[in-house]
Every structure is written in structure tokens, then in C-alpha cells.
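What's counted below: heavy atoms across the whole structure, side chains too, no hydrogens, waters or symmetry copies. The first residue of the sequence shown is numbered 1, and numbering continues consecutively from there.
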Amino acid sequence: MPPYTILYFPTRGRCEAMRMLLADQGQSWKEEVVTKESWLQGPLKASCLYGQLPKFQDGDLTLYQSNAILRHLGRTFGLYGKDQREAALVDMVNDGVEDVRRHCSRLIYRSYEEGKAKYFQELPGHLKPFETLLIQNQEGQAFLVGDQISFADYNLLDLLLNHQVLAPGCLDSHPLLLAYVARLRARPKLKAYLASPEHMNRPVLGAQKI
């Protein structure tokens with residue numbers, strides 16, 4: 001049996017970054033899909049520590065909170081920078097990704113039609129910090145931090161791919177980020193996963209728009 005189990009809804013959502021990380025690191029995992037109907041029945045939700053998913057199993061270790069899971073996987077597979085300085089920067093980047101992800105989630109679930117024009121008008125400002133980090137690190141030819149991929153790279157890649165689904169062409173004015181996405185997507189194991197039905201057939205957030 002695979003050592004990892006992801007318990008989540010039938011979407012990419014909060015789990016796709018960890019799926020991409022596991023796939024790129026050559027790992028297998030089991031998916032336990034939770035339907036909306038079973039979730040609304042209540043017992044599973046009541047059993048979850050924070051009353052929410054994802055739930056992640058690593059052997060006898062049970063984790064909740066998607067960013068805590070990513071950090072755990074980062075430590076497990078050496079994807080947390082080469083020293084404490086880089087680890088601090090990776091944490092900073094991941095928190096920045098979380099800020100943008102929350103903005104995007106509010107748009108999707110609360111005010112998509114009314115808010116999408118303003119959101120995408122402001123998007124360049126939200127993405128600028130990541131361009132700055134790329135420029136500062138080997139002039140944009142590597143990763144966000146250091147010379148090895150980190151768990152934050154998978155998280156940012158997922159975020160950028162989601163935005164390309166929401167608004168194709170939204171990264172056209174960000175050549176460094178476009179090149180970054182292309183570079184990560186070309187990693188052989190990650191490329192194979194992104195082309196798989198497991199990725200392609202999952203909606204981004206389970207919303208009708210995407």
C-alpha cells in the first residue's frame with residue numbers, strides 16, 4: 001500500500017500542490033474522495049481536527065491544514081532549502097502564495113462575476129513579489145529560493161496554473177513567471193502527472209467556472 005493517503009473532495013483545490021510534489025518526487029499515494037453529500041451528513045466533518053479537509057495520512061501520522069502538510073513533505077524530501085536561511089525564505093514565499101490563494105478563493109466563492117475585472121486588474125501587483133524573488137535568484141533562471149526546488153515552488157506553480165485556467169493569457173505580461181511555469185512543467189515526472197487523467201479530470205476548485 002502507498003504510505004500516503006489524501007482524503008479530500010473531487011477537486012484539485014488545496015491538495016494539488018502536494019499531489020504535484022509527490023508525483024515529482026516519484027511517490028505514490030492513495031486518494032479517498034469525499035462527496036459533498038457525505039460531507040454534509042456530518043460525522044466525517046466532526047471527526048476532522050479543524051472541521052475541514054484535506055486530511056493527510058503518512059503512516060500513523062495524521063495531518064490537517066494544507067500548508068502544514070506541504071511543510072511536512074518539504075522536510076521529508078529535502079525540499080526546504082539547504083540551510084536555515086533558505087528555509088526562512090521558503091516559508092516567506094509560501095506565506096505569500098497563501099495570501100494570493102485567499103484572494104482568489106474569495107473571488108471564486110463570493111463575487112466572481114462582480115469582482116473578476118478588478119481582481120485581474122490587480123493581479124500584476126499580487127504577482128510582482130514572486131517576479132522579484134525570481135530576479136534576485138539567478139536572474140530568474142532557477143527557482144524561487146536557492147538552486148533546488150522547494151515545496152513553495154509546487155505551491156506557486158499550482159496557483160499560477162489555476163490562474164491560467166481562470167483567465168488564459170493572464171501571465172502573458174509576466175515573461176519570467178511564464179518561463180518559470182514552463183520550466184517546472186517540463187520536469188519529466190511532473191509533466192507526466194500534469195498530463196494524466198488524475199490531474200486533467202479534476203476541476204480546479206469545484207466551481208462551475210473552473
Side-chain angles (χ1 to χ4, degrees), residues 2-34 53-58 63-81 87 90-91 93-102 104-105 108 127 130 133-134 137 142-166 168 170-171 174 176-206 210:
Y4 306 109
T5 300
I6 293 173
L7 189 73
Y8 196 56
F9 305 109
T11 67
R12 299 178 194 174
R14 287 278 181 171
C15 286
E16 202 62 12
M18 63 185 78
R19 293 182 184 115
M20 291 194 294
L21 184 159
L22 288 169
D24 195 41
Q25 297 299 313
Q27 302 298 306
S28 61
W29 67 95
K30 177 183 176 183
E31 294 271 353
E32 293 188 3
V33 179
V34 178
L53 296 176
K55 176 181 178 180
F56 186 84
Q57 293 286 154
D58 178 356
L63 291 174
Y64 299 91
Q65 299 291 352
S66 57
N67 285 301
I69 297 165
L70 281 175
R71 288 192 292 270
H72 170 65
L73 293 174
R75 287 186 289 267
T76 299
F77 296 108
L79 307 171
Y80 220 135
V90 169
D91 278 332
V93 170
N94 202 61
D95 285 357
V97 174
E98 177 65 17
D99 286 345
V100 182
R101 193 180 292 277
R102 289 183 184 278
C104 186
S105 294
I108 295 299
L127 297 181
F130 305 111
L133 288 165
L134 283 171
N137 187 31
F143 304 104
L144 289 165
V145 177
D147 56 8
Q148 296 181 339
I149 197 167
S150 73
F151 72 87
D153 286 294
Y154 297 106
N155 207 9
L156 178 59
L157 176 63
D158 176 51
L159 183 74
L160 296 177
L161 292 175
N162 291 350
H163 279 76
Q164 287 181 312
V165 172
L166 268 177
C170 66
L171 299 183
H174 304 278
L176 276 181
L177 287 176
L178 269 177
Y180 170 81
V181 169
R183 193 162 59 248
L184 267 58
R185 286 183 64 111
R187 294 167 65 89
K189 292 176 184 176
L190 187 51
K191 181 179 180 180
Y193 173 72
L194 293 174
S196 71
E198 288 78 10
H199 173 77
M200 297 294 292
N201 293 343
R202 286 193 188 100
V204 174
L205 290 171
I210 44 175

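Atom CD1 in Ile6 sits 11.0 Å away from atom OG in Ser66 (nearest 0.5 Å). Atom-to-atom distance recorded for Gln57:CD and Leu63:CG is 8.5 Å, nearest 0.5 angstrom. Put simply, CD1 on Ile69 and CG on Asp58 are 10.5 Å apart, with the number rounded to the nearest 0.5 Å. Separation of atoms CD (Gln164) and CG (Leu159) is listed at 10.5 Å; rounding is to 0.5 Å. Separation of atoms SG (Cys170) and CG (Leu178) is listed at 8.5 Å; rounding is to 0.5 Å.
Applying the 6.0 Å contact sphere to CZ of Arg75 captures more than 12 heavy atoms from other residues, nucleotides or ligands.
Annotation for Val145 and Asn137: closest pair C-ND2, 3.6 Å, computed over non-hydrogen atoms. Nearest approach of Val90 to Phe151, heavy atoms of both residues: CG1-CE2, 3.3 Å. Scanning both residues, Tyr64 and Ala68, for their nearest heavy atoms gives O-CB, 3.7 Å. In terms of heavy-atom proximity, Pro54 sits nearest to Met18 at CG-CE, 4.2 Å. Across all their heavy atoms, Val34 and Pro10 have their closest contact at O-CD, 3.3 Å.
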* Asked: Would Leu161 and Leu194 count as a side-chain contact (heavy atoms from CB on, under 4.5 Å) if you check the C-alpha gap in whole Å, the side-chain angles of each, and the deciding distance to 0.1 Å?
  -> CA-CA 10 Å; Leu161 292 175; Leu194 293 174; 4.2 Å; yes
* Could you walk me through whether Val93 and Leu133 pass the side-chain contact (heavy atoms from CB on, under 4.5 Å) check? -> CA-CA 9 Å; Val93 170; Leu133 288 165; 3.5 Å; yes
* To do: Output, in order, the C-alpha distance, side-chain angles, deciding distance and verdict of side-chain contact (heavy atoms from CB on, under 4.5 Å) for Phe143 and Leu184.
  => CA-CA 9 Å; Phe143 304 104; Leu184 267 58; 4.0 Å; yes
* Starting from the C-alpha separation in whole Å, work towards a yes-or-no answer on side-chain contact (heavy atoms from CB on, under 4.5 Å) for Leu79 and Asp153. => CA-CA 9 Å; Leu79 307 171; Asp153 286 294; over 6 Å; no
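Side-chain contact check for Tyr193 versus Leu22: every heavy-atom pair is 4.5 Å or farther apart. Taking the side chain as every heavy atom from C-beta outward, Phe56 and Leu73 approach each other to under 4.5 Å. Inter-residue side-chain proximity for Tyr4 and Thr76 is flagged as met; some heavy-atom pair is nearer than 4.5 Å. With a 4.5 Å cut-off on side-chain heavy atoms, Leu166 and Cys104 count as touching. Counting only heavy atoms from C-beta outward, the side chains of Val165 and Asn162 never approach each other to under 4.5 Å. Residues Leu171 and Leu127 are in side-chain contact: their nearest non-hydrogen atoms beyond the backbone lie under 4.5 Å apart. Considering only heavy atoms from C-beta on, Leu190 comes within 4.5 Å of Leu157 through its side chain. Residues Leu177 and Leu160 have side chains in contact (heavy-atom distance under 4.5 Å, counting atoms from C-beta outward).
With sequence neighbours excluded, the residues satisfying side chain to side chain donor-acceptor pair (under 3.5 Å) with Arg187 are Asp24. Not counting sequence neighbours, the partners of Glu31 by the side chain to side chain donor-acceptor pair (under 3.5 Å) test are Arg19, Trp29, Arg202.
The main-chain N or O of Ala142 is never found under 3.5 Å from a side-chain atom of Asp147 such that the two would form a donor-acceptor pair. With hydrogens and angles disregarded, no donor-acceptor distance shorter than 3.5 Å links the side chain of Arg14 to the backbone of Leu53.
Between Asn155 and the options Glu16, Glu98, Arg101, a side chain to side chain donor-acceptor pair (under 3.5 Å) holds for only Arg101.
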